[in-house]
Number of protein chains: 2
Amino acid sequence: MRGEPLDAETIVSATEEVLRRHGPEKATVLDVARLLGVSHGSVYRHFPSKAALREAVIRRWLDRVQEQLAAAVQAPGLTPPDRLRALLTAMFAAKWAKAREDPELFATFRVLAMEHSSVSSAHIAFLLAQIRAIVADGIAGGDFAAGEPEVIARAVLNATSRFHHPTHAPEWRSPEVEAESEDVVSLILNGIRAR
Amino acid sequence: MRGEPLDAETIVSATEEVLRRHGPEKATVLDVARLLGVSHGSVYRHFPSKAALREAVIRRWLDRVQEQLAAAVQAPGLTPPDRLRALLTAMFAAKWAKAREDPELFATFRVLAMEHSSVSSAHIAFLLAQIRAIVADGIAGGDFAAGEPEVIARAVLNATSRFHHPTHAPEWRSPEVEAESEDVVSLILNGIRAR
DNA sequence: GGAATGACAGATAGCAATATTTGTCAGCCA
DNA sequence: TGGCTGACAAATATTGCTATCTGTCATTCC
C-alpha cells in the first residue's frame with residue numbers, strides 16, 4: 001500500500017512525532033499507523049508492544065543526549081576537576097533544555113524512569129560510567145583524594161539528583177536552580193579534591 | 001448534640017485519623033464530621049476549607065518530627081561535623097520511617113509539597129535554619145572552611161534531596177539507600193571541612 | 001514466501017447522567 | 001448569644017454504557 005519499505009527506524013520516528021504531539025497518555029499505536037499510512041498490525045510486526053515502541057523512542061532520544069555529553073567531556077587540556085564540572089553542567093543543561101523544549105517527550109522519559117524501565121537504567125549506567133572514568137583519572141593523577149571510583153561516582157550522581165532526575169523537573173523552572181546547582185557542584189568538587 | 005466542646009485540636013486529630021485511613025484522595029470533610037458525630041458545618045466553623053484542615057494536620061505532624069530533629073542535634077559534646085552528620089541521618093531516618101509506617105499521611109505531605117504549600121515551605125525553612133546554625137558554628141570554630149552559611153546550608157539540603165524529598169519516597173524501599181546516603185553525607189562533610 | 005491487512009476478543013478510555021462533596025448561611029436551640 | 005444544624009448551589013466524583021485501543025492471527029496480496 002506504500003512505496004517505501006517500512007522499517008523500525010521509520011516507525012520510531014513516527015512514534016516520536018506522535019508522542020511529541022499527543023504526549024505519553026494520549027498517544028496510541030493507531031495514531032502511529034495512521035501517520036505512516038499503514039495498518040496497526042504492521043507496526044506490531046516490528047515491535048512486540050506499545051511499551052517497546054515507547055522505549056525505542058526514548059532510547060534513541062537518550063543516545064543523542066549521551067553523545068552530546070560524551071563530547072562535552074572530550075574538550076582537550078582540561079583537568080579532571082574541570083572535566084567533572086563540565087560533565088555535570090552539560091548534563092543539567094541538557095535535561096533542563098529537554099524538559100522546557102520537548103515537554104511531551106520528556107514526560108515520556110519520566111514515565112519510563114518511574115517504571116524502572118531498562119532504558120532509564122541504561123541511562124543511569126552511562127552517566128555513572130562517565131563520572132567514574134573522570135574520578136578514576138583524577139585519583140590516578142593526584143587531583144582527587146583516594147577512594148573507590150564506583151562509590152564516589154554514585155555519590156556524585158545521588159548528590160545532584162535534584163538537578164537531573166526527571167521527578168524534579170517542575171522545580172527547574174525556578175530561576176535560582178542554576179546558581180544552586182553551581183553551589184552543589186562546588187561542594188562536591190571540594191569533597192573529592194585531594195587535600 | 002455532643003457533651004464535649006468541639007475545638008480545633010479535636011478536629012485535627014479526627015482529620016488525621018480519617019487521612020490515615022482513607023488517604024488524601026478519598027478523605028472527605030463529611031468523613032471527619034461523621035467520625036466526630038457532628039455536622040460538617042461545625043467543622044467549617046473552625047477551618048475555612050478542606051485544604052486548611054489538611055494543612056493543619058500536616059503542620060502538627062511536621063512539628064513533632066522537627067522536635068525530634070532538634071533533640072538529635074542537642075546531644076552534648078559533639079563537634080559541628082558530628083552534629084551535622086547526626087542531623088542529616090536523623091532527618092533521613094524520620095522521613096523513611098514516616099513513609100513506611102504512615103504511608104497515607106506521608107502521601108498527604110507529598111501533595112502539599114507538590115502544591116508548594118506554606119506548610120512545606122516552613123518545613124524547608126526549619127531544616128535550612130538547623131543546618132545553617134551548625135555550619136555557622138563550624139566555621140566559627142575552624143572545623144569548616146570559610147563561606148556563607150546560608151548558601152552552604154542550601155547546598156547541603158539540595159545535595160541530599162534524594163534522601164529526604166518526598167518525591168523520592170518510592171526509591172527509599174531499596175536496601176542500598178542507607179549506604180548511599182552515608183556516602184553522600186561523607187562527601188558533603190569532606191566538601192565543607194577546613195583544609 | 002514474506003510483508004501487510006483487517007476482523008476479532010479482551011482491556012481501556014471516554015462520556016453523560018447521577019450522586020456525593022464542598023462551602024455558605026439563615027435559622028434553631030441550649 | 002454562640003455554637004450547631006441542615007438545606008442549598010456549585011463543583012467534583014462515581015457509575016454504567018459506549019467507543020476506542022491493544023495485541024493476535026488467519027487470510028490476502030505482491
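Below, all heavy atoms of this structure are taken into account, side chains as well, without hydrogens, waters or symmetry copies. The structure displayed is predicted, hence computed values, not measured ones. So you know, we letter chains A, B, ... as the sequences are listed, proteins then strands, and number each from 1.
Distance, A:Leu53 CG to D:dT22 C1': 12 Å, rounded to whole Å. Protein atom OH of B:Tyr44 is 17 Å distant from nucleotide atom P of D:dA10, rounded to whole Å. Rounding to whole angstrom units, CZ of residue A:Phe47 and P of D:dT24 are separated by 15 Å. Between B:Leu30 atom CG and D:dT5 atom P the separation is 12 Å, expressed in whole Å. Atom-to-atom, CZ of B:Arg34 to P of C:dT20 comes out at 10 Å; the value is rounded to the nearest Å. Between B:Asp7 atom CG and D:dC4 atom P the separation is 10 Å, expressed in whole Å.
At a threshold of 4.0 angstrom between heavy atoms, the contacts of A:Ser39 include nucleobase atoms, whether or not backbone atoms are also involved.
OP1 and OP2 of C:dA4 both lie 4.0 Å or more from every side-chain N or O belonging to A:Ser42. Put simply, B:Lys26 has no side-chain N or O that comes within less than 4.0 Å of OP1 or OP2 on C:dT21.
Base orientation of D:dA19: syn (glycosidic angle within 90° of 0).
For B:Glu178, the CD atom sits in a loose shell: 12 or fewer heavy atoms of surrounding residues, nucleotides or ligands are nearer than 6.0 Å. The local environment of CZ in A:Arg154 is sparse, with at most 12 non-hydrogen atoms from other residues, nucleotides or ligands closer than 6.0 Å.
In this structure, D:dA19 forms no base pair with any nucleotide, since neither Watson-Crick nor G-U wobble geometry is met with both distances under 3.5 Å. Base pairing analysis places C:dT12 opposite nothing; no Watson-Crick or G-U wobble pair with both distances below 3.5 Å involves it.
A:Leu128 is connected to A:Ile134 through a chain of hydrophobic side-chain contacts under 4.5 Å among Ile, Leu, Val, Met, Phe, Trp and Tyr, so both are in one cluster.
Judged purely by distance below 3.5 Å, without hydrogens or angles, the side chains of B:Ser186 and B:Asp183 never pair a donor atom with an acceptor atom.
Taking the nucleotide of DNA chain D with the nearest heavy atom to each of B:His46 and A:Lys50, the more 5' of the two is matched to B:His46. With DNA chain C read from its 5' end, the first of the two nearest nucleotides for A:His40 and A:Arg45 is the one closest to A:Arg45.
Ring geometry for B:Trp96 against B:Phe163 counts as perpendicular: the plane angle is over 60°, on a 0 to 90° scale with 30° as the lower cut.
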